[in-house]
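For this chain, numbers begin at 1 and follow the sequence in order.
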Amino acid sequence: MELKRNRNETVAVAESDLDLAAVLKSVERAHGLPNAFYTDPEIWEEEKRKVFLANWACVGFGKDVPLPGDLMPLEFLGIPLLLARDKSGGVRVFQNVCRHRGMILVQKPKRANIITCPYHAWCYRLDGSLKGTPHLGGPGVHKDPRIDPKSYGLFEVRSHVWMDMIFVNLSGEAPDFLDYAAPLIARWREFESRPLVHGGPESTLTFELDSNWKLAVENFCESYHLPVVHPSLNTYSRLEDHYHIQEPGHFSGQGTTVYNPQLDESGRAFALFPGLSSKWETGAEYIALYPNVLLGVHKDHTFAIRIDPLGQIGTRETVEIYYADPVMAGPDWADLRAANAETWRGVFAEDVGVVEGMQEGRRAPAFDGGVFSPAMDGPTQCFHQWVAGCFRA
């Protein structure tokens, strides 16, 4: 593997120096990813390319562009992107730059039938095709035979929407999303065709962590920390009520067999997703779809957490909570939605300290990536091995 130190120098880093072989051993003999994977800026640059750009990463949610003409600018790994709902109702993702001089096209969310550059007013349709080029051929002359408008549409990014999450493959080289996510789609097929209704402003939560993004994923994967970090949760969803979920190369996580929501003393409860099998009467599952989505499914609601790396150190988590029936998003259910959101806020807030504490620990030069409990850490090791595999590819 090669890592660039500066513009003029390329440094070869052997896999043995990164100790990836130790990561790929069986769980009882393996070590976790070395400290450099959490602290070294050079590895972070390589990670962006091999982990995030090469695979399918979540960059947003369909609920943010609900109607045709809705435009949502965002930045992912420093790349300016634009989410757009086209006239047919589909979601498209473009690089948010004009093809003329590279001006940022959309600075803040808005609704428009045409995407117009604020610099020279080149304009684009919602499908990204170039519509107009004012004064291109001189004052009052809006075309030039030397410039073919068909060649200068917006740069479209390969994208796919699943369960309202907008995934992109920035390299354009990953397998089709339906193949990439096939094992999880099959596992949760009962939820895929069901309506997902976002709970509104109170159902969006954000957290910023002073840690590498991988530590947030690792913590979510396992239930081992429940008795210590989540003592209240552990009183009714105990460590022994959980099971591991591992799909090497795709996802890992945990499930519980005792899900029983009690958010209101009056006994009110959210509408259930229709047609679910008996597994979900008391079951719930929490899975990290690599690289950057943390998901939870329950009989009465789901959530998705988008993990945005803000650099080698620094992570933003955006939580979106969805329900099974549009009525649940109405004013009569606002109090229960707020109670549900605050329950999850409390759980996720309890994780912040340990995730940041693990990042601090990565400054200890003797730490070798740590060991895994063969009985409890399989989902976390599964993620480590996937990251290692990306670097070895």
Side-chain angles (χ1 to χ4, degrees), residues 1-25 27 29-59 75-79 170-171 173-174 207-222 249 252 288 290-294 306-317 351-372 377 379-393:
M1 183 177 67
E2 292 185 342
L3 298 176
K4 289 192 177 290
R5 285 197 189 278
N6 55 50
R7 288 184 194 172
N8 302 314
E9 181 185 4
T10 299
V11 178
V13 179
E15 287 177 359
S16 59
D17 294 337
L18 297 176
D19 206 16
L20 294 183
V23 178
L24 296 169
K25 292 180 179 179
V27 65
R29 298 172 57 231
H31 285 225
L33 291 165
N35 284 350
F37 277 75
Y38 303 85
T39 61
D40 191 324
E42 296 169 355
I43 291 181
W44 166 235
E45 291 303 315
E46 190 79 354
E47 189 171 69
K48 284 192 287 187
R49 182 172 67 85
K50 290 194 169 185
V51 172
F52 286 99
L53 303 189
N55 295 297
W56 288 94
C58 179
V59 297
E75 195 172 280
F76 184 68
L77 301 176
I79 300 170
L170 286 155
S171 73
E173 298 175 355
F207 299 87
E208 293 209 2
L209 288 70
D210 190 16
S211 77
N212 181 271
W213 68 277
K214 292 188 292 297
L215 294 172
V217 177
E218 295 169 25
N219 177 73
F220 186 84
C221 284
E222 49 96 341
S252 60
Y290 311 149
N292 74 324
V293 180
L294 313 178
R306 187 180 78 246
I307 300 292
D308 287 322
L310 304 179
Q312 177 75 17
I313 301 174
T315 300
R316 179 182 297 116
E317 298 180 350
D351 289 317
V352 172
V354 295
V355 171
E356 293 183 337
M358 286 190 289
Q359 181 65 46
E360 292 180 20
R362 293 317 189 267
R363 300 201 306 265
F367 185 69
D368 58 2
V371 297
F372 296 107
D377 284 326
T380 302
Q381 191 214 14
C382 192
F383 173 62
H384 278 231
Q385 291 190 328
W386 179 81
V387 173
C390 290
F391 273 77
R392 291 169 66 102

Rounded distance [0.5 Å steps], CD in E222 versus CZ in F372: 10.5 Å

Residue pair E218 / H384, side-chain heavy-atom distance below 4.5 Å: yes

Atom pair CD (E75) and CG (L310), whose distance is rounded to the nearest 0.5 Å: 10.0 Å

F383 and Y290 aromatic ring geometry - parallel, tilted or perpendicular at 30°/60° bounds: tilted

Solution key, residues 355-363 side-chain donor-acceptor pairs under 3.5 Å, sequence neighbours excluded:
residue, atom, partner, partner atom, Å
E356, OE2, D210, N, 2.8
Q359, OE1, N212, N, 2.7
Q359, NE2, Y38, O, 3.1
R362, NH1, M358, O, 3.1

Any donor-acceptor pair under 3.5 Å from T315 side chain to S211 backbone: yes

Contact check, side chains of R306 and V293, non-hydrogen atoms, under 4.5 Å: no

SG-CZ distance between C58 and F52, expressed to the nearest 0.5 angstrom: 11.5 Å

Flag, side chain of Q385 to backbone of K25, donor-acceptor distance under 3.5 Å: yes

Heavy-atom closest contact (Q381 atom, V27 atom, distance): OE1-CB, 3.3 Å

Any donor-acceptor pair under 3.5 Å from K214 side chain to F37 backbone: yes

Under 3.5 Å: donor-acceptor pair, side chain of K50, backbone of F391: yes

For F220, all residues meeting ring pair (Phe, Tyr, Trp, His ring centres under 6.0 Å), sequence neighbours excluded: none

N219 side chain to L215 backbone, donor-acceptor under 3.5 Å: no

Gap separating the NZ atom of K48 from the CG atom of L170, nearest 0.5 angstrom: 12.0 Å

